[in-house]
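The chain is numbered in sequence order, starting from 1.
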Amino acid sequence: MIALYQPLSSTTLCFFQAILVGAGLGLLYDSTQAASTFFHPKRIWVMVTDALFWLVVLLAYFVFTVTLAGGQVRGFVLLGMLLGFLAEYELIGWMVRAVLIFLFHIAAVLLRGCVRLVRTILRPFGTVWVWLQKNLKKIWKKTSISGKKTL
């Protein structure tokens, strides 16, 4: 049975853990916003990423409430999560989004370079394959054992 009154140290620890969870959710929000801005800046994708983010927030709040807050809905848990989220968003959120968009650009350039390299390497094989497709009947006739004209 959970005690009705908990010591101040355990509630303070729970509050600070809620702040950390809120900061982590702020990082998640910044990463989803950077990804939706870079990949699909259309409004529908922003709404989809926001909806997924809020589902994760609800799940995180539920898990936090059940595991660390003793299964009781507490106002200071919500306040701590909100303060952590706002602190992360206002203090380092712009930097996180800028770094992630920069990393997405680098990854796109590297991926484009890898695709060009693979295409360059595979181009001779494609040429040989096209030649084989064009001349397959001629090659088949010359090497056929069961053909009547070749025997």
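- Both Leu86 and Met81 belong to a common hydrophobic cluster when Ile, Leu, Val, Met, Phe, Trp and Tyr are linked at side-chain heavy-atom distances under 4.5 angstrom.
- Residues passing the side chain to side chain donor-acceptor pair (under 3.5 Å) test with Gln17, sequence neighbours excluded: none.
- The structure places SG of Cys14 at 10.5 Å from CD1 of Ile19, a figure rounded to the nearest 0.5 Å.
- Applying the side chain to side chain donor-acceptor pair (under 3.5 Å) test to pairs two or more places apart or on separate chains, those with a residue in residues 80-98 are Asp30-Arg97.
- The nearest pair of heavy atoms linking Leu28 to Phe53 is CD2-CD1, 4.0 Å.
- One hydrophobic cluster holds both Leu91 and Val99 under the rule that ILVMFWY side chains link at heavy-atom gaps under 4.5 Å.
- Listed by first then second residue, pairs satisfying salt bridge (charged side-chain N to carboxylate O under 4.0 Å, His left out) with a partner in residues 8-24 number zero, not counting sequence neighbours.
- Hydrophobic clustering of Ile, Leu, Val, Met, Phe, Trp and Tyr side chains at less than 4.5 Å, counting indirect connections, unites Leu78 with Phe76.
- Taking CG from Leu132 and OG1 from Thr127, the interatomic distance works out to 11.0 Å, rounded to the nearest 0.5 Å.
- Here the OG1-CH2 distance, from Thr49 to Trp54, works out to 12.5 Å after rounding to the nearest 0.5 Å.
- Neither Phe102 nor Leu27 shares a network with the other; the hydrophobic side chains, linked directly or stepwise wherever heavy atoms of I, L, V, M, F, W or Y lie under 4.5 Å apart, form separate groups for each.
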Donor-acceptor contacts, no H, no angles, side chain residues 61-68, under 3.5 Å, sequence neighbours left out:
| unit_1 | atom_1 | unit_2 | atom_2 | d |
| --- | --- | --- | --- | --- |
| Thr65 | OG1 | Tyr61 | O | 2.7 |
| Thr67 | OG1 | Val63 | O | 2.7 |

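- Contact of the Leu25 side chain with the Val21 side chain is registered, since non-hydrogen atoms from C-beta on lie closer than 4.5 Å.
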Could you list the donor-acceptor pairs under 3.5 angstrom formed between side-chain atoms of residues 103-118 and any protein atom two or more places apart in sequence or on another chain?
none

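- Taking the six-membered ring where tryptophan is involved, the planes of Tyr29 and Phe85 are perpendicular, since the angle between them exceeds 60° and thus also 30°.
- Listed by first then second residue, pairs satisfying salt bridge (charged side-chain N to carboxylate O under 4.0 Å, His left out) with a partner in residues 117-126 number zero, not counting sequence neighbours.
- Leu52 CG to Met47 CE: the interatomic distance, rounded to the nearest 0.5 Å, is 12.0 Å.
- Partners of Leu83 according to the side-chain contact (heavy atoms from CB on, under 4.5 Å) rule, which considers only residues two or more places apart in sequence or in another chain, are Phe15, Leu79.
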